[in-house]
Amino acid sequence: MNPMKTFALSARSLPLDDSWDVIVAGGGPAGCTAAAAAAREGARTLLFEQTGCLGGMGTSGLLNQWMSFTDWNRMIIRGLGERVFEACRAGIPHAPKGDCQPIDTELLKRVYDELVTRHGAEIRFNTFVAGVETDGAGGVAALLVAGKAGLQAFRAGVYIDCTGDGDLAAWAGAEAHRGDPRTGELMPTTLCFTLGNVDPYAYQHGPPLWPTVVEQIVGSGRYTADIPDRFLVPVVVGPGLIGCNAGHQWDVDSADPRSVSRALLQGRRTAKAFRDALAEFHPRAFANSHLVATAAALGVRESRRIIGDYVLTVDDYYARRGFPDEICRNAYCIDIHPSKAEHADELDGRTRNDTARYAPLKPGETHGIPYRCLTPRGIRNLLVAGRCISCERPVQGAVRIMPICLAMGEAAGLAAALAVRGDGDVHAVDTRRLCRRLVEEGGFLPDADTGGV
């Protein structure tokens, strides 16, 4: 690869829109609840989304099901997150009632549209946040965005980074960790896809796809070029429609467009190979199946972890620790997908996946996530929410799922609105007031210091 060259831009001015109190970058689950919560508090709120719909992995990513909103005894993701979940569940009457619900992607798009706009937040679709201008005093001065209107600058009192990769925070100079602290390796990505015209009766009453059918596929050796491992999570998402979270791509850096492009190309080959392999090894259900769609967005599990005022640890997870400034609770397991070396061992009959090292929490057990994990160290007016929050790597494997992102986003949006009423310093937010408002809006915060509600 040629060394990076530089190109000097001619001196010019960009159009500047400084009419906003809060700007949110990224319209995934965290970005949606962040924008909704900030607008609900009266802040003039703008949300940038690089695709044509909100929802991230649940929509553009074709992820086939929600992970649990409960601690397996009670609902712990409440507030705006619970509203999203209940709206989705009500729209899929055929789905069995339980903790993990299938996702109707078109329904979810409309749910997020209504959630974000009902309190007056504005959305700009098909708009990339392309850069950050800092003020030289530890703050973000403006965002540079690119779209059909060309390059523009936008300014707000507080910014919320819901890009998943922590792009804004990194561009603003925040410290971040990436991947395995020993090797730097990141969890593999997945490109989800949907198969249609599947025979429902044969699917329901035939052999299970995992592990029985997928073991036969991998064992045959005929599809190894495009189906490199045994990862397959199928879910019925509609009549004769199976959503598949399947296949891994290793060595993918989601902050590198070339790397993501290679993964998307491979993912589409993997999806086609799965359709063909399932038709061969489970013909009663899949002989007439059709590859309906592959996701527009790559499923990224891990990238940057922004270093905040507090780093959530594995000890916190297992101590079921609560915090006076906690903004939500989590009960999901530490879910770390296998590295390339672990995958090779698996093919040789040995298993040493990192997830096996970490026992899940028991039903009814939860741990808190403090507000300080959302405040990048040394940056005055920027918050992060989503999978890039400040935590140790194993904990990131537990808090990266969409329900937790919904809860973190609501807290970030509310905190941003509170900070705007002051001097914009997100580190100086009154966390008692923040937690009190979250509880007033239905949040589950048993260990937070709300000062009484």
Side-chain angles (χ1 to χ4, degrees), residues 16-26 30-31 33-48 79-80 116 119-122 132-143 153-162 166 168-169 171-174 306-310 323-328 368-386 389-390 407-441 443 445 448-453:
L16 172 65
D17 183 343
D18 61 357
S19 59
W20 305 98
D21 296 320
V22 175
I23 292 179
V24 182
T33 51
R40 185 181 62 195
E41 297 300 305
R44 294 166 296 174
T45 304
L46 177 62
L47 170 60
F48 289 120
L80 293 177
V116 172
H119 294 292
E122 186 171 322
V132 169
E133 289 293 309
T134 57
D135 60 12
V140 175
L143 301 186
F154 286 80
R155 178 175 293 156
V158 174
Y159 305 84
I160 308 177
D161 184 342
C162 297
L168 270 61
W171 296 339
I306 303 301
I307 304 304
D309 292 325
Y310 185 81
F323 300 89
D325 64 333
E326 70 184 29
I327 45 86
C328 63
I369 299 175
Y371 172 68
R372 289 163 290 160
C373 292
L374 279 57
T375 51
R377 189 183 299 164
I379 303 179
R380 184 179 57 83
N381 61 343
L382 175 67
L383 290 159
V384 297
I389 68 163
S390 180
M408 291 189 285
E410 181 173 6
L414 209 162
L418 294 177
V420 163
R421 295 173 192 169
D423 64 358
D425 186 352
V426 298
H427 305 269
V429 166
D430 182 346
T431 55
R432 292 179 66 179
R433 186 179 180 189
L434 169 63
C435 295
R436 184 164 61 246
R437 282 292 296 124
L438 287 170
V439 170
E440 289 169 352
E441 294 294 339
L445 303 175
D449 180 4
T450 63
V453 177

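FYI, side chains are in, hydrogens and waters are out, and symmetry mates aren't considered; it's all heavy atoms of this structure. Here, residue 1 is the first one in the sequence, and each next residue gets the next number. These numbers come from a predicted model, not from an experiment.
When atom types are taken as modelled, the side chain of His119 and the backbone of Ala38 share no donor-acceptor pair closer than 3.5 angstrom. A donor-acceptor distance shorter than 3.5 angstrom exists from the side chain of Ser390 to the backbone of Gly308, with no hydrogens or angles considered. Using modelled atom types, one side-chain atom of Asp21 and one backbone atom of Arg44 make a donor-acceptor pair closer than 3.5 Å. A distance-only check finds a donor-acceptor pair linking the side chain of Arg380 to the backbone of Asp423 [under 3.5 Å]. The closest donor-acceptor contact from the side chain of Thr45 to the backbone of Ala43 lies under 3.5 Å. With hydrogens and angles ignored, the 3.5 Å screen pairs a side-chain donor or acceptor of Glu410 with a backbone N or O of Leu80. Proximity of a side-chain donor or acceptor of Arg377 to a complementary backbone N or O of Ile307 within less than 3.5 Å is not detected.
Between Glu41 and Arg421 there is a side-chain heavy-atom pair separated by less than 4.5 Å. Put simply, the side chain of Leu414 reaches to within 4.5 Å of the side chain of Arg40, judged on heavy atoms. The shortest side-chain heavy-atom distance between Thr375 and Leu383 falls under the 4.5 Å cut-off. By the 4.5 Å heavy-atom criterion applied to side chains, Val426 and Val158 are counted as neighbours. Between Ile327 and Leu438 there is a side-chain heavy-atom pair separated by less than 4.5 Å. In this structure the side chain of Leu46 never reaches within 4.5 angstrom of the side chain of Val24, judged on heavy atoms.
Scanning all heavy atoms of the two residues, the minimum distance from Gly368 to Glu326 falls at CA-OE1, 3.6 Å. Gly451 and Asp449 get closest at one heavy-atom pair: N-OD1, 3.2 Å. Minimum heavy-atom separation, Val140 to Ile379: CG2-CG2, 4.3 Å. In terms of heavy-atom proximity, Leu47 sits nearest to Gly26 at CD1-O, 3.4 Å. Residues Ala174 and Ile306 approach most closely at CB-CG2, 4.0 Å, considering heavy atoms. For the pair Cys373 and Ile389, the tightest heavy-atom approach, listed with the atom from each and the gap, is O-CB, 3.6 Å.
In this structure, CG on Leu16 lies 8.5 Å from CZ on Phe154, to the nearest 0.5 angstrom. Going from atom CG of Leu168 over to atom SG of Cys162 covers 9.5 Å, rounded to the nearest 0.5 Å. To the nearest 0.5 Å, atoms OG (Ser19) and CD (Glu122) are separated by 8.0 Å.
For Arg433, the CZ atom is loosely surrounded, since the number of other residues' heavy atoms within 6.0 Å does not exceed 12.
Listed by first and then second residue, the side chain to side chain donor-acceptor pair (under 3.5 Å) pairs that reach into residues 153-162 are Asp161-Thr163, sequence neighbours excluded.
Considering Thr431, Val429, Asp430, Asp309 as possible partners of Asp325, the one that fulfils the side-chain contact (heavy atoms from CB on, under 4.5 Å) test is Thr431.
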- Could you go step by step and tell me if Asp425 and Asn381 meet the side-chain contact (heavy atoms from CB on, under 4.5 Å) rule? CA-CA 5 Å; Asp425 186 352; Asn381 61 343; over 6 Å; no
- Item | ring-ring contact (aromatic ring centres under 6.0 Å, His included) between Phe323 and Tyr371, intermediate numbers included | CA-CA 9 Å; Phe323 300 89; Tyr371 172 68; over 10 Å; no
